[in-house]
Protein chains: 2
Amino acid sequence: MTGTDVEVQLREAGLRVTRQRVAVLSVLHDHPHTDTDTVIRRVREVAGDVSHQAVYDVLRALTDTGLVRRIQPTGSVARYEVRVGDNHHHVVCRSCGAIGDVDCAVGHAPCLTASDPHGFVIDEAEVTYWGICPACAAEAAAS
Amino acid sequence: MTGTDVEVQLREAGLRVTRQRVAVLSVLHDHPHTDTDTVIRRVREVAGDVSHQAVYDVLRALTDTGLVRRIQPTGSVARYEVRVGDNHHHVVCRSCGAIGDVDCAVGHAPCLTASDPHGFVIDEAEVTYWGICPACAAEAAAS
DNA sequence: CGCCCTTTCTGGAACAAATCAAGTCTTTGT
DNA sequence: ACAAAGACTTGATTTGTTCCAGAAAGGGCG
């Protein structure tokens with residue numbers, strides 16, 4: 001994704017194009033599942049001085065317009081990824097917190113329709129798989 | 001669940017039986033999906049003075065031994081519920097954050113097996129449904 | 001091209017949730 | 001009942017996030 005693509009994306013979402021926003025979006029494109037602190041550091045690497053507040057504001061603006069998705073597994077800080085059309089899910093390592101993408105096996109799966117939602121109007125089903133990542137499994141086996 | 005039941009539960013988990021732990025467990029039995037702050041208030045109602053640190057410690061101990069489950073939907077503070085055998089999931093209101101239980105429709109559902117887990121060893125699939133609760137839906141319709 | 005209005009960014013402070021640390025008290029096995 | 005291990009209390013600290021007021025930058029219009 002080029003810088004121009006990012007600009008188009010911003011304009012189509014009705015957002016102004018600023019150095020900070022372009023930087024945040026491209027950082028998230030290159031590094032999915034990044035926590036806020038890392039976003040700040042990476043943004044500063046590519047765009048020079050940017051206040052942490054600006055990054056928080058941008059992340060909020062992008063989340064509100066649906067350009068990025070915010071995820072926050074239990075015990076983890078907020079993480080962000082660019083929202084892509086597919087309905088993919090995440091696998092989280094219980095040991096180190098690493099996150100991986102998992103494609104939704106069967107599109108709109110039947111079991112993702114709640115059996116008795118107590119009157120809730122449901123618009124999304126989010127799946128989080130918990131387990132051990134290869135690296136942590138190897139480390140555990142070695143010790 | 002009586003106080004004695006809770007004591008037995010604690011002993012079987014290899015934990016000492018203290019006033020604070022009994023209080024936390026019974027509070028969670030009576031009020032599922034409670035956030036830490038509310039747990040503290042309720043515990044003090046039934047057990048008198050208890051430091052917030054004690055509650056944090058107890059919740060951590062109970063979580064580590066598997067007696068309670070910690071859940072934390074994106075944008076919410078940590079919430080706790082007593083771990084019951086069934087593999088139920090949660091529905092969260094986007095508007096007010098209310099949480100409801102949803103039974104897992106089909107036990108160990110096939111679509112909860114990740115298609116390509118990238119080498120992760122998965123031991124649990126957690127489903128969070130997002131939507132609008134009846135109360136918030138009514139309020140939105142009224143305005 | 002340059003002005004003005006609106007939106008956004010900066011810098012600093014404030015806040016809430018959660019954790020850390022040292023010392024005291026309590027539970028429990030003998 | 002006694003000692004040792006574990007749990008709790010008090011108080012401070014860290015961490016992640018948000019609030020606020022003023023300065024700066026985008027982008028439509030003359």
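A, B, ... follow the sequence lines: proteins, then strands. Residue 1 opens every chain.
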Take atom CG of D37(A) and atom P of dT14(D), then tell me their distance rounded to the nearest Å.
16 Å

Side chain of R70(A) only, heavy atoms from C-beta on: which candidate in dT17(D), dA17(C), dT10(C) is closest?
dT17(D)

Which whole-number value in Å describes the distance from R60(A) CZ to dT17(D) C1'?
9 Å

Would you tell me if any nitrogen or oxygen in the side chain of T18(B) comes within less than 4.0 Å of OP1 or OP2 on dC8(D)?
yes

Distance in angstrom units between Y56(B) OH and dT10(D) P, rounded
17 Å

Whole angstrom is fine here: how far is it from CZ in R41(B) over to P in dA16(C)?
14 Å

Looking at CD1 of I99(B) and NE2 of H118(A), how far apart are the two atoms once the value is rounded to the nearest 0.5 Å?
12.5 Å

V46(A) with Y80(A), same ILVMFWY side-chain cluster at under 4.5 Å:
yes

Same cluster (ILVMFWY, side-chain, under 4.5 Å), I71(B) and L59(B):
no

Note down the inter-axis angle between the two ends of the helix from dC1(C)-dG30(D) to dT30(C)-dA1(D), five pairs each, to the nearest 10°.
30°

D5(A) versus Q9(A), side-chain donor and acceptor atoms under 3.5 Å:
no

Quick check on DNA chain C: between R11(B) and V50(A), whose nearest nucleotide comes earlier from the 5' end?
V50(A)

Under 3.5 Å, is there a donor-acceptor pair between the side chain of T38(A) and the main chain of T34(A)?
no

Checking contacts here: which listed nucleotide (dT17(D), dC9(C), dC8(D)) is nearest the side-chain heavy atoms of Q20(B)?
dC8(D)

Would you please indicate yes or no on a ring centroid separation below 6.0 angstrom for H31(B) and H29(B)?
no

Winner on side-chain proximity to A78(B), out of dG27(D), dA18(C), dG16(D), is dA18(C)

Determine, step by step, whether R94(B) and D123(A) satisfy the salt bridge (Lys or Arg N to Asp or Glu O under 4.0 Å) criterion, reporting the C-alpha distance in whole Å, the side-chain angles of both residues, the deciding distance to 0.1 Å, and the verdict.
CA-CA 10 Å; R94(B) 286 191 195 277; D123(A) 60 60; 2.6 Å; yes

According to a strict under-4.0 Å criterion, is R21(B) in side-chain N/O contact with OP1 or OP2 of dT27(C)?
no

Contact class for D49(A) vs. all strands (heavy atom < 4.0 Å): base, sugar-phosphate, or nothing?
sugar-phosphate

Between R16(B) and H52(B), the residue closer to the 5' end of DNA chain D by nearest nucleotide is R16(B)

So A61(A), base contact, sugar-phosphate only, or nothing? Heavy-atom distance under 4.0 Å.
nothing

Respond yes when some side-chain nitrogen or oxygen of R19(B) is under 4.0 Å from OP1 or OP2 of dT26(C), and no when none is.
no

Can you check the R79(B) CZ to dA17(C) C1' distance for me, whole Å?
14 Å

If I take atom CG in residue L15(B) and atom P in nucleotide dG29(C), what distance separates them, rounded to the nearest angstrom?
13 Å

Considering only NZ, NE, NH1 and NH2 on the basic side and carboxylate oxygens on the acidic side, decide whether E7(A) and R21(A) come within less than 4.0 Å.
no

Need one value for S51(B): base, sugar-phosphate or nothing, where a base atom within 4.0 Å counts as base even if backbone is also close, heavy atoms only.
base

Which whole-number value in Å describes the distance from Q53(B) CD to dA18(C) P?
12 Å

Measure CD/Q72(B) against C1'/dG16(D) and give the value in whole Å, please.
12 Å

